[in-house]
S.K.: 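A single structure is presented below for examination.
Everything numeric here is computed off the predicted structure, so don't read it as measured data. Proteins come first, then strands; the chains are lettered A, B, ... in the order of their sequence lines, and each starts at number 1.
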Amino acid sequence: MDDILNILSVILIFSGLIFFMGASVGLIRFPDFYTRMHAAGKGDTLSTILITAGMAAQVLSHFDVVSLFVAIKIVAIAVLIMLTSPTSTHLLMKAGYDDGIEPFTNSGKGGIIELGGPFIKSDQLDDIDSKVKKKGPSKKKSSSKKKSVTEKNSS
Amino acid sequence: MKIFGLIAVLVVGALLLSATSDFPDWRDKDSPANESPVSSFYIEKTEKLTKVPNMVTAVLADYRSYDTMFETVVIFIAGIGIIAVLRNFDGPNSSSIKRENNDEGGGLLARFTCSLILPFIQIFALYVVAHGHHSPGGGFQGGVMLGASYILAALAFGLSKAKDIFSERRTMIFAAVGIFIYVGWGVLCLLFGKEFLNYEALDPILPGDAKMARSHSMLIVEIGVAFTVTAIMFSMYSNLSTRGRLSKGL
Amino acid sequence: MEIVLMVAGICLFLMMIPIMLRIIIGPTAIDRIVAVNIIGTKTAVLLIIIGALFDNVSMFVDFAIAYAALNFLGSLAASRYFNRTRPAYGKGSSMEAKGS
């Protein structure tokens with residue numbers, strides 16, 4: 001029984017490491033923000049769940065009451081990360097989209113405007129519209145410039 | 001300018017890493033911390049005298065409880081200082097603004113996830129407070145977790161919703177009640193005829209013998225610390241994130 | 001078994017290095033926050049592995065739970081913050097596309 005759990009834990013831990021390597025390589029190699037989020041969100045969550053499951057099996061391999069409670073806690077960590085990590089990925093992705101980060105395309109253009117634009121809420125439209133008219137066309141290229149303009153407007 | 005910062009960070013990091021080789025070994029008997037008689041007293045006698053396996057908690061809440069009491073008071077003063085500096089009573093009152101326009105929170109998914117995980121975070125925080133005798137933890141850590149859970153509620157459901165649960169008046173009452181529990185427990189020891197914060201005096205009113213009285217008293221003192229830390233954490237967040245207006249969330 | 005855990009911990013740490021590189025070079029602020037979020041999640045896992053190496057998992061697992069919970073708090077706060085700083089962007093073309 002102990003050997004089975006040990007082997008299972010080794011398999012789970014190393015498969016988790018493989019998925020985390022995917023997330024890590026994807027995060028450094030992918031060209032733009034959205035694809036990086038894809039690698040990060042999926043690989044991170046799955047590898048965390050796999051490694052924590054492997055550690056739970058590892059703890060259970062010498063079985064007593066304390067190790068049972070510890071294993072329950074480790075599974076609780078896995079469940080917590082399974083709930084929170086996709087949520088935070090979604091929220092950060094939405095924040096980046098609303099922030100106006102441009103997706104990567106082969107032709108080099110085809111920015112966020114053609115895709116429908118940032119989700120600007122309807123009650124804020126008039127507010128932003130008047131500011132845009134006052135300011136004229138805002139800079140499109142660098143996101144840091146945009147952010148500084150925005151902060152000036154919002155404050 | 002950035003490159004100088006990088007160089008400074010690298011140099012300081014290299015210095016700190018080179019200093020780690022001078023550290024005493026893991027479980028070294030002759031390390032400098034073990035030379036004084038005080039630490040060996042704690043290591044040998046703590047569990048016998050207080051029935052608390054985690055000697056960090058025993059030192060924090062029993063042997064050096066004056067220190068911890070004034071640390072709690074320092075946290076209270078920090079919270080009051082932040083309110084005195086930041087709180088802005090001139091702005092639009094939060095009750096005059098319509099609730100819907102106030103602070104919409106973090107969206108549907110954030111609300112749903114937080115409603116799932118918030119109870120577990122709060123239960124875990126209470127566990128950290130209550131289980132500080134046996135595992136790392138105690139009033140400060142558990143209080144921070146509990147305060148963080150209220151901050152999470154404020155981020156996900158909107159600050160106005162969180163303030164329905166934990167209003168400004170209630171935060172300040174909780175912060176004061178925490179210190180009152182701590183100091184009042186010390187005064188109770190005075191009333192039973194021993195020194196201030198000498199928990200052995202409370203043997204008649206607590207179950208168990210005099211040693212268990214010290215253990216139980218530590219729990220009560222930690223609960224007082226947790227009250228103050230929770231309240232001050234949430235008060236700091238709500239003041240800092242809204243520039244003292246407490247009307248529009250982050 | 002200890003060797004397996006040691007190798008797993010070292011591999012986890014080595015794979016964090018590209019993510020740290022993303023924190024340094026990341027073009028936007030949200031890239032950096034995503035990378036910090038991943039490192040936070042993996043730190044919770046690494047704490048459990050370190051606990052198993054020190055034969056004291058019951059102690060380290062508490063840290064890991066606290067770390068995982070507070071990590072979510074950080075990314076939620078960051079997303080709220082960047083959602084608020086909305087750009088007035090693209091001279092009304094998106095607004096016309098969406099209508100009011």
S.K.: Where does C:V45 contact chain A at under 4.5 Å (heavy atoms): side chain, backbone, both or neither?
M.R.: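 Interface part for C:V45: side chain.
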S.K.: Heavy-atom pairs under 4.5 Å with chain C: which of A:T52, A:L80, A:V25 has the most?
M.R.: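 It is A:L80.
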S.K.: Should we count CE of C:M6 as having more than 12 external heavy atoms under 6.0 Å?
M.R.: no
S.K.: Quick one: does C:I49's side chain get under 4.5 Å of A:I51's, heavy atoms only?
M.R.: yes
S.K.: To the nearest 0.5 Å, tell me how far C:M15 CE sits from A:F19 CZ.
M.R.: 12.5 Å
S.K.: Could you tell me whether the side chain of A:S88 and the main chain of C:S75 form a donor-acceptor pair under 3.5 Å?
M.R.: no
S.K.: Measure the CG-CZ distance between A:L91 and C:F72 for me, rounded to the nearest 0.5 Å.
M.R.: 6.5 Å
S.K.: For the pair C:C11 and A:M21, evaluate side-chain contact (heavy atoms from CB on, under 4.5 Å) and give the outcome as yes or no after the intermediate values.
M.R.: CA-CA 9 Å; C:C11 285; A:M21 194 172 78; over 6 Å; no
S.K.: So for C:I17, is it side chain, backbone, both, or neither that comes closer than 4.5 Å to the heavy atoms of chain A?
M.R.: neither
S.K.: Need one label for C:D62: side chain, backbone, both or neither, based on atoms under 4.5 Å from any heavy atom in chain A.
M.R.: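 When you check distances to chain A, only side chain atoms of C:D62 fall under 4.5 Å.
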S.K.: Among C:I25, C:I38, C:I19, single out the residue with the greatest number of heavy-atom pairs under 4.5 Å to chain A.
M.R.: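 Among C:I25, C:I38, C:I19, the one with the most close pairs to chain A is C:I38.
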S.K.: Just one of C:L76, C:I30, C:D31 clears the side chain to side chain contact (heavy atoms under 4.5 Å, CB included) bar with A:L92, so which one?
M.R.: C:I30
S.K.: Among C:L14, C:L5, C:I48, which residue forms the greatest number of heavy-atom pairs with chain A at distances under 4.5 Å?
M.R.: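 Ranked by heavy-atom pairs under 4.5 Å with chain A, first place is C:I48.
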S.K.: With rounding to the nearest 0.5 angstrom, report the CG to CD1 distance, A:L17 to C:I10.
M.R.: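 One finds 11.5 Å between CG of A:L17 and CD1 of C:I10.
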S.K.: Do any of residues 50-60 of chain C come closer than 4.5 Å to chain A, heavy atom to heavy atom, and if so which ones, in number order?
M.R.: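 At a heavy-atom separation under 4.5 Å, chain A is reached by C:A52, C:V57, C:S58.
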S.K.: Answer whether the closest heavy-atom distance between the side chains of C:P18 and A:R29 falls below 4.5 Å.
M.R.: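 Not in contact.
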S.K.: Is chain C contacted by the side chain of A:M37, its backbone, both, or neither, given a heavy-atom distance below 4.5 Å?
M.R.: side chain
S.K.: Could you tell me which of A:I81, A:I13, A:T89, A:T45 has the largest number of non-hydrogen atom pairs under 4.5 Å with chain C?
M.R.: A:I81
S.K.: Checking A:S9 against chain C: side chain, backbone, both or neither under 4.5 Å from a heavy atom?
M.R.: side chain
S.K.: Is the shortest heavy-atom distance from the side chain of C:V7 to the side chain of A:F14 under 4.5 Å?
M.R.: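 They are in side-chain contact.
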S.K.: Using every non-hydrogen atom in the two residues, find where A:T48 and C:K42 come nearest and quote the distance to one decimal.
M.R.: OG1-NZ, 2.7 Å
